[in-house]
Amino acid sequence: MSQMTATPLKKKKGISYAKWGYIFIAPFFIVYAIFSLYPLLSTFYYSLFEHYRSGLKVIGPYFVGLENYKALFTGGDLLKYAGNTFVIWIMGFIPQIIVSMLLAAWFTDLRLRIRAQGFFKTVIYMPNLIMATAFAMLFFTLFSIGGPMNDILIDLHIISQPIDFFARTGTTRGLIAAMNFLMWYGNTTILVMAGIMGIDPSLFEAAEIDGATSGQAFRKITLPLMRPILIYVMITSMIGGIQMFDVPQILTNGKGAPNATSTTLVMFLNNHLFSKNYGMGGALSVILFIISAALSVIVFFAFNYQSDKKGGN
Amino acid sequence: MAETLLAKKVKKEQKVIDWPLLLRRVLAYALLIILSILSLFAFYILFINATRAHPDIQKGFSFFPGRSLAVNWNSVITDKVLPVVKGIVNSFVVAGGCALVSTYFSAMTAYGIHAYTFKIKKQAFAFILLIMMVPTQVSALGFINLMFKMGLKNSFIPLIVPTIAAPITFFYMKQYMESALPLEIVEAARIDGSGEFFTFNRIIFPIMKPAIAVQAIFTFVSNWNNYFIPALLLEDQNKKTLPILIAQLRSADWLKFDMGKVYMLIAIAIFPVVIVYLMLSKFIVRGVALGSVKG
Amino acid sequence: MKKLLAICLVLALALSMAACGNTPASTAPVSTSEAAVSSEAAAPAEGKVLRIYCWNDEFQRRLTEFYPDYDDTAKTIGDVKVEWVMTPSDNNAYQNALDEALLNQATNAADEKIDLFLIEADYALKYTAADVDVAMDVVKDIGVTAADMAQQYQYTRDIVTDENGVQRGISWQGCPGVFIYRRSIAKDVLGTDDPVEVQETMANWDKFDETAATMAAKGYKMLGGYDDTYRTFSNNVSATWVNDKNEIVIDDAMMKWVDQTMEFTEKGYNAPNILWAPEWAATMGKDGKTFGYFGPAWFIDFVMAGNSMDVATADGGKAEAGNGAYGDYAACAGPAGYFWGGTWMCGATGSDNVSLIKDIMLKMCCDEATATGLTKSCNEFANNKKAMNAIAASDYGSAFLGGQNVIGAMAASADTIDMSKTSPYDQGLNEGFQTAFHDYFNGSVDKETALANFYKEAQVKYPELKIPA
């Protein structure tokens, strides 16, 4: 926030450019108001109602106050699903951010001089081009009881009996995280690299001449200048994590098996959509929204706080 | 430039073998090669499966191609109720349209908030950040209802136009402008007598190219693969996009259920998106940003 | 490197486009140059558009083949235009689309109204319930008489009959199931592969369990997976899933499935697979050690036949004995009658094409010649007793079943199916019950937890349902 207000254009020679601000942001808000605001507000509104379909019969809307929220919290499963979501997200996010930063650092490291960079940079994003459904189908057959992964592990004498990967909590979550990682690490790397490319290359050259090590250059030049992009990566990845849906949905066939230990919050939400349950679904959305907003605000201010301190130096 | 090259060369000659550097290089290549194999493996297996017969695929996994490439190909393109070519065209229109309007208007919105001072600027920014966090799933049904009421069934408008208001793309553009767009450029343009729209279209937009390429790819790919909303909106067989056609094949009755055909259609559906990606990815890979602002 | 990759891909795409362009337009169906519409269809008040909601092109192909007035190239029946609205069933998209359309049926313009829609057994009651009234009474509103439907199997009518006894849908097919076993294993263990004698060894569940033990003693598996017997129990319940107090009632038959499957799993009588898993499909081949599977006609011809072969037909293999386990199978009725699959059609309330709908229903579902054709050219079990009995008595035989004529066994099974105990919740509850207990079978949770998980999921799907105290 501080950055945004730090360097706005001042009025020049009495001409006000304020109207241009409104003009430039107008399309966004007009389109949003027409296409998204109404469904969104109705989502929030109906969270206070009992409103669903029983077959083709529409039940409600009957005003119930905060009953839906109460039911979600006392049902006991909300926290479990939140926990599942968090664990699976962390399992995928940590390797993802480490690998992405590492790759980005290597690609921009002048001393390392990675060859065939164009090829590597191009290839890493490619898993994202495949539809999640198709990707999951492949994962299924790869890791099924009679699949090649079990054959390989048995041949290597790592295991003696085939493992049913999708019947165990750890392996199921691991596979979801692995698939998430594979689908999204390229995306993160591209974002990080795009950030790095906005940095003046002469800064790196100067640093190299000054005898800075690669690590020093990365910490002193790359990281600080990339802060806005890193905030973006953190926040969008978190929102993506909280909204994690298609990979676990498809990989567990919508069941979050075993024992609902891989059911994420949005899978839970999706189950409510089966009966068009605007009440419970709306309440769950509001909760998701509050969690996302809180986490994003924390990340945003944590990063900007650091920047203020640095700015002072 | 020549100086730095010289400096590098001198350095290189001074240290005959830099062991830590060599180690890091080996490590980097090892990881890159492993990741590349993992990333391309899925493509390999998809295309392998597109060459295999249905019962073969049912019985499990294979690393080697089958003999049904031509059979699968023919069963996809001779299927009367499966307008594959139209599906590709429709997907292109939708995904391309989304990528175009979404990146242009997001950049515009971001520029409006980044470069101007006006009263509700802070509130506008905060509002967009807030709506970014709304999960898309629940408002989906309300959205479909609304579109039906507006008579937009079988239209691409509800798929393309709403992406003008893409909070995540906006947020990225905004962050990118913060790290790569000094406002002095805008000032300079004004002094030269450039109009505000001209400045945005001719000066700012080119500077934003890498960011736009990145978000264009993301938007294109996610809309190319989008199933949930299009499946509910498009019921005219000639308006359907590829993911709907794939899902339709997957819900075929047993008389016709053919995984070889499904994989073939998936393979066909992947080609165009790979091409678009390879075309746009040059912006990312070469880094056209360099020099434009700070050179 | 990247450029090369790009060029290859562009080339491949260009080629594929060219190939598409060169494909000759698929041959038009032979039907209707003389557009002889039946007299009812030409009645003056009829609408000019027939809108059909479906999730795949099965019915379209059937209509093309067996309804002579339908022209699939022009998509017309006489001067009525046929509009196919095909929404895939993935992620419940079909029912979502159908629901929206039906709820707006009253306000839509005449040509926008649904005229005909297709449904499946598991959720039939959602659309045929009396109080929602979205499907027309087949007899009173549409005019198909009881005599027209006299040859239909009773269960196919029960499934689409509402709580007041009004039939609101009709089907052209039946899907009675049988038990399909490996002849060579039967000879090895039971000393015979004759369907009558094999049926003796599994005439009821006690005998079935005994035979399973004998199989296991010789190193064979009685069944291919957890779900194989599910329908034989869920089709034979004593009461509906939900009682009149909106409480979920778990029938004894359902718990029998749980206990039997757990016993089989613990004793190694079955392979620990889920339906449709690759391992499950692979057990049908030559090296499979599994004795048998439960399935209807389509399952035999379009799942088992393909899975049994070493070399797929698409790869040049022949559908003949000697290609894997092809021809090494036979079928008997099994311990309990059941069905699996099937599509029903309903005339939508508010349609302006009632007499055309009637004509389609009569020709597709009540016509003996159509029924015979469905079996002979599509390998379906048609919904017509007379036609099926005639085929059962003929020399019709299946090469996959070693020449056996299985229609008779299926017809016998179809007669015993009792589907009067259905509820609108069957789809969600049956799916949920199977999934919840997979965790129990594979050892992840105990029985109580599996049951609790089932209840929880059921209540999310159907908020109005209660758990009995």
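These numbers come from the heavy atoms of this one structure, side chains and all, not from hydrogens, waters or symmetry mates. Lettering of chains follows the sequences in order, A, B, ..., and the numbering in each one begins at 1.
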Taking side chain as everything from C-beta outward and backbone as N, CA, C, O, which of these in B/Y172 sits under 4.5 Å from a heavy atom of chain A? Side chain, backbone, both or neither. both
Where does the angle between the aromatic ring planes of A/Y232 and B/F171 fall among parallel (under 30°), tilted (30 to 60°) and perpendicular (over 60°)? tilted
To check you understand the geometry: which heavy-atom pair defines the closest contact between B/Y29 and A/R113, and what is its length? OH-O, 3.8 Å
For the CD1 atom of A/I25 and the CZ atom of B/F125, what is their distance to the nearest 0.5 Å? 12.0 Å
Please tell me whether B/S39 and A/Y185 have a donor and an acceptor in their side chains that are separated by less than 3.5 angstrom. yes
Closest heavy-atom pair, A/I34 versus B/M150, reported as atoms and distance to 0.1 Å, is CG2-CE, 4.0 Å
Examine B/Y116 together with A/Y22 and report whether their ring centres are nearer than 6.0 Å. no
Could you please spell out the steps behind the side-chain hydrogen bond (donor to acceptor under 3.5 Å, both in side chains) verdict for A/T122 and B/Y277? CA-CA 9 Å; A/T122 308; B/Y277 168 66; 5.1 Å; no
If I measure from the heavy atoms of chain A, does B/I270 come under 4.5 Å with its side chain, its backbone, both, or neither? side chain
So for A/F29, is it side chain, backbone, both, or neither that comes closer than 4.5 Å to the heavy atoms of chain B? side chain
What is the ring orientation for A/F35 with B/F143, classed by angle as parallel under 30°, tilted 30 to 60°, or perpendicular over 60°? tilted
Please find the pair of heavy atoms, one from B/L130 and one from A/A293, that lie closest to each other, and give the distance. CD2-CB, 4.3 Å
Is A/N128 reaching over with its side chain to a backbone N or O of B/V221, donor-acceptor style, under 3.5 angstrom? no
B/A42 and A/I130: which non-hydrogen atoms are nearest, and at how many Å? CB-CD1, 3.6 Å
Quick check, are the ring centers of A/W20 and B/F118 under 6.0 angstrom apart? no
